[in-house]
Protein chains: 2
Amino acid sequence: MKNNQYKQGYPLVKLDDFEQPSVAVDLVIFTIKERSLQTLLIKRGIVPFKESWALPGGFIKMNESLEESALRELEEETGVNKVYLEQLYTFGNVGRDPRGRVITVSYMALINSKDIKLKASTDASDVNWFRISNLPTLAFDHKKILNYAVKRLKWKFEYTTIAFSLLHSRFSLGELQRLYEIVFDKEIDKRNFRKKILSIDILKTESIMKDAPYRPPQLYSLKVKIGDSININNLA
Amino acid sequence: MKNNQYKQGYPLVKLDDFEQPSVAVDLVIFTIKERSLQTLLIKRGIVPFKESWALPGGFIKMNESLEESALRELEEETGVNKVYLEQLYTFGNVGRDPRGRVITVSYMALINSKDIKLKASTDASDVNWFRISNLPTLAFDHKKILNYAVKRLKWKFEYTTIAFSLLHSRFSLGELQRLYEIVFDKEIDKRNFRKKILSIDILKTESIMKDAPYRPPQLYSLKVKIGDSININNLA
DNA sequence: TGAATAGTGTCTTTCAGACAATATGCC
DNA sequence: GGCATATTGTCTGAAAGACACTATTCA
């Protein structure tokens, strides 16, 4: 099994002189549902922490990169494959998994709730969305990972265009503002928000929305790449 | 050897059903020497990339956390043990190490050049400091790691107090300004810099320097923690 | 008094932040 | 006309950024 750890004749390099830890990927999947920021958790069907809620994730395979592994897990849990995905932090404390040494590379994914088709995964007896403001107790050190992810998310909302990955390709400024208000759990002055967003010149005007219940808004699209740096002030 | 991967009776959990990658830690060690930003590299004494320069690092041990592993490597290479240390990013592409699957967790360390006593490490035939502006070709994907570290360093200089980890506990504003000028490779207006630093109220005045060659400067010390958030504008 | 470094203040411009009235479309 | 949402501008205060002279110590 371990043979392919010895390649191209490097006999002196004994990677196996060291016991090897297991490497996993854990995902913090964010979406906006019911006017709140939510994340996907799975109820563990196996020990340890059987019946506890946990972040979706799993061990990496030898022939896939960390990111490919994260995308595979994401697809297995949600059926979604086109998302914003970002590596967060690697957690490797010795006792973090009672089964042995497991190092986990955490990722954050942002998906549009319309794209989701939840699947029941083999090792999860249940899968569900939870409001960030109302989370159950989590297995392992997943609470720590989730807290880290929320901080990073807010940070990235202020300093990059990742928010737009949660909107459709055409959106109104009202939708954008509601998104920021949900993530920061804070009301924002409409005039200042619009002034700020329009001043940084990242939007193209599109058509006007049809079939709006009341006055239809102007639609916009993002004319820079998702993840590009911007600076939306002080919303934190 | 692998027995302790099975603990506390979790027979169904077969971590070893998966081949395990190796996990390493690589260090980007920054210091200021000769009025420039420099990083420590080792010349590899073993294949692969024998005789190439590389970041210091090594495989983690089963009984140490990632951070402990980074600190151990740091101490082995430089003799330094009290430093600013921060995890950067985890690189895990399949082909990044010709010996097999090696996932590396990168760390950035900032050390005061006065504290360094370089040691010749067992697996390095040579150890040296290099200016960031004049680097040799690096082994593996270490160039990518280093580029990432430089970006993070600059970023953290603008938004946190990590710069102060490169100064003595008492320092002049001139020393602080020179440090920022070196890291950003850019001249900064003295009056605006001082105004800004003093306005954010993170410094305590100390004594006045003795034995200065010319007019002795006022000394200051940091009255908040290293790593605390601040905002030194727009130096990037 | 010359050399080297330390220390200081003003003006302009830009931007954040507070704040309220009008416009549009649907019923 | 009533309702729900969209859209727009002004004023104030704070801070960034440009800019040049004086102060201190030592040789």
Side-chain angles (χ1 to χ4, degrees), chain A residues 32 35 154-155 157-160 163 167-168 170-182 184-221 229-236, chain B residues 32 34-35 154-155 157-159 163 167-168 170-182 184-221 229-236:
Chain A
I32 303 290
R35 296 198 164 225
K154 290 184 179 179
W155 197 86
F157 257 60
E158 278 192 81
Y159 294 109
T160 77
L167 297 174
H168 297 120
R170 290 162 180 227
F171 49 85
S172 69
L173 292 184
E175 290 172 306
L176 183 64
Q177 179 173 349
R178 275 190 291 279
L179 180 52
Y180 273 91
E181 287 179 331
I182 287 166
F184 289 99
D185 192 24
K186 187 182 176 182
E187 283 193 10
I188 302 172
D189 182 89
K190 202 195 296 192
R191 287 158 297 184
N192 291 339
F193 182 80
R194 298 166 84 92
K195 198 194 332 176
K196 181 74 192 186
I197 292 289
L198 293 173
S199 77
I200 52 183
D201 191 38
I202 54 174
L203 300 185
K204 252 202 322 262
T205 57
E206 299 280 344
S207 57
I208 293 186
M209 186 185 281
K210 288 188 169 187
D211 305 319
Y214 299 102
R215 176 176 175 177
Q218 173 68 243
L219 294 180
Y220 294 86
S221 64
S229 293
I230 56 172
N231 186 345
I232 316 260
N233 228 41
N234 241 32
L235 296 173
Chain B
I32 303 290
E34 302 149 359
R35 295 196 163 228
K154 290 183 180 180
W155 196 86
F157 257 61
E158 278 192 82
Y159 294 108
L167 297 174
H168 296 121
R170 290 160 181 229
F171 49 85
S172 69
L173 292 184
E175 290 173 306
L176 183 64
Q177 180 173 349
R178 275 190 292 280
L179 179 52
Y180 273 90
E181 286 179 332
I182 287 167
F184 288 100
D185 192 24
K186 188 181 175 182
E187 282 193 9
I188 303 172
D189 181 88
K190 199 197 298 190
R191 286 158 299 184
N192 292 340
F193 183 78
R194 298 166 84 92
K195 198 195 329 176
K196 181 74 194 187
I197 292 288
L198 293 173
S199 77
I200 52 183
D201 190 39
I202 53 173
L203 300 186
K204 253 202 320 266
T205 57
E206 299 279 344
S207 57
I208 293 187
M209 186 184 282
K210 289 188 168 189
D211 305 318
Y214 299 102
R215 175 175 177 177
Q218 173 68 242
L219 294 180
Y220 294 86
S221 64
S229 293
I230 56 172
N231 187 344
I232 315 260
N233 227 45
N234 242 29
L235 295 173

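Naming convention: chains lettered A, B, ... in sequence-line order (proteins, then strands); numbering from 1 in each chain. Only a predicted model underlies this, so the values are computations on that prediction, with no experimental measurement involved.
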Q: Measure the distance from CG on Leu203(A) to C1' on dT7(D) and round it to the nearest whole Å.
A: 15 Å
Q | Partner of Asn192(A) under side-chain contact (heavy atoms from CB on, under 4.5 Å), chosen from Lys190(A), Lys195(A), Arg194(A), Lys196(A) | A | Lys195(A)
Q: Spell out, as yes or no, whether a donor-acceptor pair under 3.5 Å connects the side chain of Gln177(B) to the backbone of Ile188(B).
A: yes
Q | Nearest-nucleotide pick for Lys190(B), side chain only, options being dC19(C), dA6(C), dA18(D) | A | dA6(C)
Q | Options dG25(C), dA6(D), dC15(C), nucleotide nearest the side-chain atoms of Pro216(A) | A | dG25(C)
Q.
Looking at Lys195(A) and dG17(C), is any side-chain donor or acceptor paired with a base atom of the opposite kind under 3.5 Å?
A. yes
Q. Is there side-chain contact between Leu179(B) and Phe157(B), with heavy atoms separated by less than 4.5 Å?
A. yes
Q) What integer distance in Å separates Ile197(A):CD1 from dG17(C):P? A) 14 Å
**Q.** 5' priority, DNA chain D, between Gln218(A) and Tyr214(A) [closest heavy atom]
**A.** Tyr214(A)
**Q.** Whichever of Ala212(A) and Asp189(B) has its nearest DNA chain C nucleotide further upstream toward 5'
**A.** Asp189(B)
Q. For Pro217(B) and Asp211(A), take the nucleotide of DNA chain C holding the closest heavy atom to each; which residue's nucleotide lies nearer the 5' end?
A. Pro217(B)
**Q.** Among dG9(D), dA6(D), dA6(C), the one nearest Arg191(A) by side-chain distance
**A.** dG9(D)
Q) Per the atom types in the model, does the base of dA23(D) pair as donor or acceptor with the side chain of Arg215(B) at under 3.5 Å? A) yes
Q: Measure the shortest side-chain to side-chain distance between Ile200(A) and Asn231(A) over non-hydrogen atoms and say whether it is less than 4.5 angstrom.
A: no
